[in-house]
Amino acid sequence: MKKLAVVIFILVLGVMVTPVVCQAETKTEVTYDQEKDWYQDFFAKHLLESERVDAKVRMVSDGFFGIRDDENGSIAATFILPVEGTFSGPLDHHAHSKFTIKNIEPDGVTIQYESSFNHRSFGKDLITTDIGTVKIKYKAERGK
């Protein structure tokens, strides 16, 4: 009887410990400028207006990106930011984009993007991140 109890204990312990031991660390892959063309098109499509305002940039989006209110999740589509100011793209279970104003010039603004995608829901223990910059020319209000 004691041998049976010991065998059951070992089996139960093995079942409980195996998932912990077998869990691998999430792999992270970082690339640079691979999504640059995609983000250039993204801003061409979703940025409605932009202009320099003193040492800041004023931007108006179609609501697809902006300053996110952490309390209610809403996005302010019209915003003014200085150099190093940040805004974000749409939230998703798998993807996230963060944007940082890097340079404000007379003819446009340079924006750094950091785009991450979590592949774990698709069976891969992987998070990919691409970091790059795009230069966006100022865009006048549509219809003017």
Side-chain angles (χ1 to χ4, degrees), residues 5-144:
V6 170
V7 170
I8 292 173
F9 175 76
I10 290 172
L11 289 173
V12 169
L13 183 63
V15 169
M16 291 173 55
V17 171
T18 300
V20 174
V21 173
C22 293
Q23 289 178 349
E25 263 188 54
T26 300
K27 182 178 177 184
T28 301
E29 293 178 359
V30 179
T31 57
Y32 298 92
D33 286 322
Q34 284 192 346
E35 298 175 8
K36 184 175 191 149
D37 291 340
W38 190 90
Y39 276 105
Q40 200 76 45
D41 292 341
F42 172 86
F43 283 110
K45 180 178 180 180
H46 297 290
L47 180 63
L48 305 179
E49 300 173 35
S50 59
E51 66 180 331
R52 184 177 182 167
V53 179
D54 299 320
K56 297 179 181 180
V57 63
R58 177 183 168 272
M59 301 176 91
V60 179
S61 80
D62 60 2
F64 210 70
F65 65 84
I67 305 291
R68 183 171 313 283
D69 183 329
D70 291 331
E71 288 185 23
N72 65 21
S74 66
I75 288 186
T78 300
F79 53 94
I80 299 174
L81 291 173
V83 170
E84 295 303 322
T86 62
F87 58 102
S88 60
L91 284 181
D92 174 296
H93 295 297
H94 309 289
H96 176 72
S97 299
K98 176 184 171 188
F99 307 105
T100 304
I101 305 296
K102 297 310 276 183
N103 196 13
I104 298 170
E105 299 174 41
D107 63 335
V109 58
T110 301
I111 300 170
Q112 179 182 40
Y113 66 85
E114 183 174 323
S115 173
S116 296
F117 189 84
N118 185 333
H119 299 260
R120 289 182 281 194
S121 294
F122 303 100
K124 288 185 177 180
D125 205 9
L126 173 66
I127 296 174
T128 55
T129 299
D130 188 59
I131 301 168
T133 57
V134 292
K135 174 134 185 210
I136 308 299
K137 300 282 184 194
Y138 295 125
K139 190 183 263 191
E141 182 178 351
R142 289 186 180 175
K144 279 192 173 182

Distance, nearest 0.5 Å, that separates [atom1] of [X] from [atom2] of [Y]:
X	Y	atom1	atom2	value
Phe99	Thr133	CZ	OG1	13.0 Å
Gln34	Ile131	CD	CD1	11.5 Å
Leu81	Ile111	CG	CD1	9.5 Å
Phe87	Thr100	CZ	OG1	8.0 Å
His94	Thr128	NE2	OG1	12.0 Å

- [ ] Applying side-chain hydrogen bond (donor to acceptor under 3.5 Å, both in side chains), name anything that partners Asn118, two or more places apart in sequence or on another chain.
- [x] Arg120
TODO: Compare all side-chain heavy atoms of Ser115 with those of Tyr39 and state whether any distance is below 4.5 angstrom.
DONE: yes
TODO: Could you walk me through whether Asp130 and Thr31 pass side chain to side chain donor-acceptor pair (under 3.5 Å), step by step?
DONE: CA-CA 5 Å; Asp130 188 59; Thr31 57; 2.6 Å; yes
TODO: Without swapping roles, check the side chain of Tyr138 against the backbone of Gly108 for a donor-acceptor pair under 3.5 Å.
DONE: yes
Open item on the list: Under a 3.5 Å distance rule, please check whether Ser50 uses its side chain to pair with a backbone N or O of Lys139 as donor and acceptor.
Closed with: yes
Could you list the donor-acceptor pairs under 3.5 angstrom formed between side-chain atoms of residues 55-66 and any protein atom two or more places apart in sequence or on another chain?
{"from": "Arg58", "atom 1": "NH1", "to": "Glu49", "atom 2": "OE1", "distance (Å)": "3.2"}
{"from": "Arg58", "atom 1": "NH1", "to": "Glu51", "atom 2": "OE2", "distance (Å)": "3.4"}
{"from": "Ser61", "atom 1": "OG", "to": "Gly63", "atom 2": "N", "distance (Å)": "2.9"}
{"from": "Ser61", "atom 1": "OG", "to": "Phe65", "atom 2": "O", "distance (Å)": "2.6"}
{"from": "Asp62", "atom 1": "OD1", "to": "His46", "atom 2": "ND1", "distance (Å)": "3.2"}
{"from": "Asp62", "atom 1": "OD1", "to": "Phe64", "atom 2": "N", "distance (Å)": "3.0"}
{"from": "Asp62", "atom 1": "OD2", "to": "His46", "atom 2": "ND1", "distance (Å)": "2.6"}

Open item on the list: Measuring centre to centre across the rings, with the benzene-like ring taken for any Trp, is Tyr113 within less than 6.0 Å of Phe43?
Closed with: no
Task: Test applied, side-chain contact (heavy atoms from CB on, under 4.5 Å); reference residue, Ile104; option that passes from Thr110, Asp54, Val83 - done: Val83
Task: Qualifying residues under ring pair (Phe, Tyr, Trp, His ring centres under 6.0 Å), relative to His96, sequence neighbours excluded - done: none
Task: Summary of salt bridge (Lys or Arg N to Asp or Glu O under 4.0 Å) pairs that have at least one residue in residues 29-39, sequence neighbours excluded - done: Lys27-Glu29
Task: Test salt bridge (Lys or Arg N to Asp or Glu O under 4.0 Å) applied to Lys135 - qualifying residues, sequence neighbours left out - done: Glu105, Asp107
TODO: Give every residue pair that meets the side chain to side chain donor-acceptor pair (under 3.5 Å) criterion with at least one member in residues 76-88, sequence neighbours excluded.
DONE: Glu84-Lys102
